[in-house]
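Below is one structure, written out as structure tokens; comments come after it.
Predicted model only: the values in this text are computed from it and were never measured. Chain A is the first sequence line, chain B the second, and so forth, proteins listed ahead of strands; every chain is numbered from 1.
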Protein chains: 2
Amino acid sequence: MKTLQMTSIDRNILTGCRFFKRLPLSTAEAILHGAALAEHEKYDSLFRQGDRIDDVFLVLSGLVRLYRVGKDGREADVGVFAKGELFGEDTMFLGYRATANAEVAENSVIARVDSRKLRQLAASDPDVAQAFIEHLCHRGKMKEDLLAQDRLLTAPQRVANYLLSQCPNGSTSFCFRLPFQKSVLAGKLGLAPEALSRAFSALRESGVSVKGRMIEIHDRHALERF
Amino acid sequence: MKTLQMTSIDRNILTGCRFFKRLPLSTAEAILHGAALAEHEKYDSLFRQGDRIDDVFLVLSGLVRLYRVGKDGREADVGVFAKGELFGEDTMFLGYRATANAEVAENSVIARVDSRKLRQLAASDPDVAQAFIEHLCHRGKMKEDLLAQDRLLTAPQRVANYLLSQCPNGSTSFCFRLPFQKSVLAGKLGLAPEALSRAFSALRESGVSVKGRMIEIHDRHALERF
DNA sequence: TTCGGTACATGACCTCGATCAATACCGCCG
DNA sequence: CGGCGGTATTGATCGAGGTCATGTACCGAA
């Protein structure tokens with residue numbers, strides 16, 4: 001881990017992301033002022049379940065995995081965060097204790113903002129409060145989606161879903177590159193890596209080709225039917 | 001469905017529940033003023049996924065089940081709300097569209113508050129905004145718990161967990177009455193009713209007796225080990 | 001009391017996905 | 001080029017839990 005100076009590029013990434021976009025630029029700057037930047041490498045641990053956390057985290061590049069572990073040692077991802085996303089925000093209203101472990105899933109640059117400061121801002125500036133509320137509602141919906149997906153969908157259906165979520169809407173046939181390792185995708189979808197592999201093979205006959213990280217979808221409607 | 005007048009008892013239930021408790025009484029009254037009260041019976045539908053919703057819902061008595069349905073028609077619960085709980089609040093920041101179906105799971109009295117009014121209050125009164133944020137964080141944690149439970153725990157473990165969550169802490173042996181039908185509990189835990197039955201039998205040898213809705217736990221430590 | 005309906009329990013079966021082990025693939029460095 | 005380490009695939013096996021069918025206990029109504 002190495003600390004860095006924040007560049008104007010970093011600022012642009014942050015002020016362009018969903019949470020900040022609805023705030024006046026000056027407010028965003030105020031929040032970001034004093035943020036600490038650090039470089040982390042794969043498998044670094046940012047915090048563990050139960051740790052005291054006094055910061056909110058922002059991903060500038062790379063990927064972070066949030067997960068819990070069962071008594072038997074198995075891990076279950078409860079969130080995966082990429083560039084421009086924010087995590088650790090629940091803890092600032094839950095006694096500043098982490099509800100999960102955070103691990104860097106590929107070399108990343110991560111900013112942290114003092115959560116007390118942010119909380120004070122939310123209390124004094126209605127815009128910030130509003131942005132927070134919308135952010136949390138959005139999060140809530142995503143978690144609901146995840147839960148429903150877990151309870152209703154088979155492995156190939158989850159994968160089909162994910163692929164469709166990456167599809168620029170309108171196009172019936174498209175091609176893209178997975179933004180991370182397949183093992184990470186597997187975790188995100190609540191599957192073992194092997195199950196993900198098999199799901200991809202099952203989708204082959206519905207017009208999905210996989211070569212390394214490159215994915216080609218020939219007929220999005222076939223996927224929707226799945 | 002039958003509309004009712006709000007009694008002072010109702011007011012007490014509401015102002016005593018978690019969301020309102022951190023607000024000054026006058027603020028709570030302001031929110032509740034103009035709320036519509038109605039009686040619903042089992043299996044009534046309050047709204048369906050995709051419906052436009054202009055209210056936030058409060059359970060005064062009874063039980064409401066929030067669920068999604070898959071293409072195959074199977075249902076998956078994403079939330080179960082009892083007396084004093086609030087639901088439908090995400091939608092007011094998500095284009096006023098419901099993300100799930102709501103069904104009354106046993107005869108209930110339910111209040112609805114105009115969500116625009118509530119939203120305005122949140123924008124103008126920092127206390128309300130704060131209460132909302134805390135509420136949403138709490139919700140977020142609960143959903144995270146659910147997801148992790150789904151991914152890490154077997155059926156008997158989930159049931160053991162639930163029983164422990166009902167246990168007055170400190171006591172090693174206790175007894176209580178299920179607050180709803182077993183089929184509802186099954187849905188809440190993401191299980192088929194049969195699986196819940198089997199889980200209870202499996203727990204019998206760890207000192208859990210079940211007679212109708214009455215549950216007796218003889219040794220909470222045995223459950224924790226499970 | 002008997003009837004009928006509803007919740008719940010139990011058994012038999014089968015599907016899905018986890019797990020373990022072996023192999024194939026790919027980038028990397030000598 | 002060949003060997004190596006991490007990643008992905010494939011096969012075989014197994015167990016958890018869903019589904020369906022049947023049986024039982026319970027409760028209210030007649």
Taking atom [atom2] of [N] as reference, at what distance in whole Å does atom [atom1] of [X] sit?
X      : N      : atom1 : atom2 : value
A/Q181 : C/dC25 : CD    : C1'   : 14 Å
B/E75  : D/dT19 : CD    : P     : 12 Å
B/L189 : D/dG18 : CG    : C1'   : 16 Å
A/D72  : D/dG15 : CG    : P     : 16 Å
A/L152 : C/dC16 : CG    : C1'   : 15 Å
B/R151 : D/dA16 : CZ    : C1'   : 17 Å
A/L185 : D/dA8  : CG    : P     : 10 Å
A/R213 : C/dG27 : CZ    : P     : 12 Å

Looking at [N], I'd like to know if its phosphate oxygens (OP1 or OP2) sit under 4.0 Å from a side-chain N or O belonging to [X].
X      : N      : result
B/K211 : D/dA25 : no
A/K42  : D/dG6  : no
A/R74  : C/dT19 : yes

Cationic N near anionic O, under 4.0 Å, A/D77 to A/R65: yes
Minimum-distance nucleotide (side-chain atoms of [X] versus [options]):
X      : options               : value
B/E194 : C/dT10, C/dT19, C/dC8 : C/dT10
A/A195 : C/dA9, C/dA18, D/dG18 : C/dA18
B/Y43  : D/dT7, C/dA7, C/dA9   : C/dA7
B/T154 : D/dG17, C/dA18, C/dA7 : D/dG17
A/S183 : D/dT10, D/dA8, C/dG17 : D/dA8

Polar side-chain contact A/R198-C/dT19 base: donor and acceptor under 3.5 Å: yes
Ring geometry between B/H135 and B/F132 (parallel below 30°, tilted from 30 to 60°, perpendicular above 60°): perpendicular
B/R68 side chain to A/A148 backbone, donor-acceptor under 3.5 Å: no
B/K188 to B/F180, cation-pi by 6.0 Å centre distance and 45° axis angle: no
Toward the 5' end of DNA chain D, by each residue's nearest nucleotide, B/L196 or A/S197: A/S197
Name of the residue among B/L58, B/V113, B/V59 meeting side chain to side chain contact (heavy atoms under 4.5 Å, CB included) with B/L86: B/L58
Closest-nucleotide 5' rank along DNA chain C - winner of A/A192 and B/S201: B/S201
